[in-house]
Amino acid sequence: MPELPEVEAVTRKLRVASPWAEIVATGQFRPTTATGLERAIGLRVEGASRRGKHILLSLSGGPVVRVHLKMTGNLVVIPDVRLRTATVRAWLALNDGRGIVLEDPRALGRLTFHETIDGLFDDLGPEPFSAEFTAQHFVAEAQRTKKPIKLLLMEQRAVVGLGNIYAAEALFQAGIHPAKPSNEISVVRLKRLRGHIVDVLTAALDSAIAAYEQPGAFTEGENFPVAVYGREGEACWRCRAAIRRMPQGGRSTYYCPKCQR
DNA sequence: AGTCACCTGATT
DNA sequence: AATCAGGTGACT
């Protein structure tokens, strides 16, 4: 599911389940799924927030449970923790009978308990919707490296929240070739790209929230209209050239060879 | 700096 | 049987 917009939608949906209760038990499908979870027992859940693609459950007294959904995870509240579906990989049982559960068919998602939030996100770049995501910061990060711009966007350092879909979409909107060395892109184009990142994530957040409102309809996946992602061979919306797929960093990058130089 | 392992399921 | 998948660490 998740790049930043989907993680944000999941987090907002979680918050609807407040007021929270005390954690009375925890469990996991495999030892690698969660670490230190049992230390959360006896603490109250006090809130849910997001940083980059991470979800944070804040607990009474200061500890947190950090959740990463990876490729296919979803974090939801179920009314009865005993009634878990087959793909629930980890759970926090609350003293009102409910459960906060990680559903994740692919089982790559992770939960980790931390005594404090301090230092947890030191390696993460600025939030795209925050005042810290300045053109100055973004340009400086790009100029530090010759790595392809698409990889820079996915590193969570120049900015957090972009994944394979929205990185490709932002680059299409900006008319920049995904393999272009970051430090060879003009300042003007970098500033334009920064704006498109914000725009793409904003539009994607809107559709992710809409998707999560519809009960039953599109609870999985989102309905953001992609221009290039997954459209290999199709005609570009702008110039009709055939969209291409190329490997980059072990993933598929989609782009328009004519619109993106 | 680039590749690969981590997982399971859907599609070719 | 092989390839691919909205992510990220941990390796060469």
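These values consider heavy atoms only, across backbone and side chains, with no hydrogens, waters or symmetry-generated copies. So that the names make sense, note that chain A is the first sequence line, chain B the second, and so on, each numbered from 1.
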For the residue pair A/His114 / A/Thr116, report whether a side-chain donor-acceptor contact shorter than 3.5 Å exists. no

With sequence neighbours excluded, what pairs up with A/Arg82 under the salt bridge (charged side-chain N to carboxylate O under 4.0 Å, His left out) test? A/Asp80

A/Ser252-A/Arg245 side chain donor-acceptor pair, cut-off 3.5 Å: yes

State whether A/Tyr254 places a side-chain N or O below 4.0 Å from either non-bridging phosphate oxygen (OP1 or OP2) of C/dC4. no

Contact class for A/Thr32 vs. all strands (heavy atom < 4.0 Å): base, sugar-phosphate, or nothing? sugar-phosphate

Reading DNA chain B in the 5' to 3' direction, which nucleotide is the first one with an atom under 4.0 Å from a heavy atom of chain A, and which is the last? B/dC6 to B/dT8

According to a 3.5 Å limit on both distances, what stems of 3 or more consecutive Watson-Crick or G-U pairs are formed with DNA chain B? B:1-6 with C:7-12, B:8-12 with C:1-5

If I pick the P atom on C/dA10 and the same atom on B/dC7, what distance separates them, to the nearest angstrom? 14 Å

Electrostatic pair A/Glu8:A/Arg50 at N-O distance under 4.0 angstrom: yes

Any A/Val187 side-chain heavy atom under 4.5 Å of A/Gln143 side chain: yes

Answer whether the closest heavy-atom distance between the side chains of A/Gln260 and A/Leu171 falls below 4.5 Å. yes

Just checking, A/Arg39 and A/Phe113: is the charged tip under 6.0 Å from the six-membered ring centre and within 45° of the axis? no

I'd like a table of atom pairs between the protein and nucleotides 8-12 of chain C - only N or O on both sides, under 3.5 Å - with the distance next to each one.
from: C/dT8; atom 1: OP1; to: A/His68; atom 2: NE2; distance (Å): 2.9
from: C/dT8; atom 1: OP2; to: A/Lys53; atom 2: NZ; distance (Å): 2.8

Residues from residues 105-123 of chain A sitting under 4.0 Å of DNA chain B, heavy atoms only? A/Pro105, A/Arg106, A/Leu108

Non-neighbouring partners of A/Glu234 that pass salt bridge (charged side-chain N to carboxylate O under 4.0 Å, His left out), sequence neighbours left out: A/Arg231

Does A/Thr87 reach a base, just sugar-phosphate, or nothing at all? Heavy atoms under 4.0 Å. nothing

Output field: ring centroids A/Phe138/A/Phe133 closer than 6.0 Å: yes

Please tell me whether A/Tyr166 and A/Phe224 form a close aromatic pair, meaning their ring centres lie under 6.0 Å apart. yes

Between CD1 of A/Ile165 and P of C/dA5 the distance, given in whole Å, is 11 Å

Residues A/Lys147, A/Glu155: salt bridge by 4.0 Å N-O rule: yes

Residues A/Arg244, A/Glu232: salt bridge by 4.0 Å N-O rule: no

How about A/Arg66 and A/Arg110: do any of their side-chain heavy atoms sit closer than 4.5 Å? no

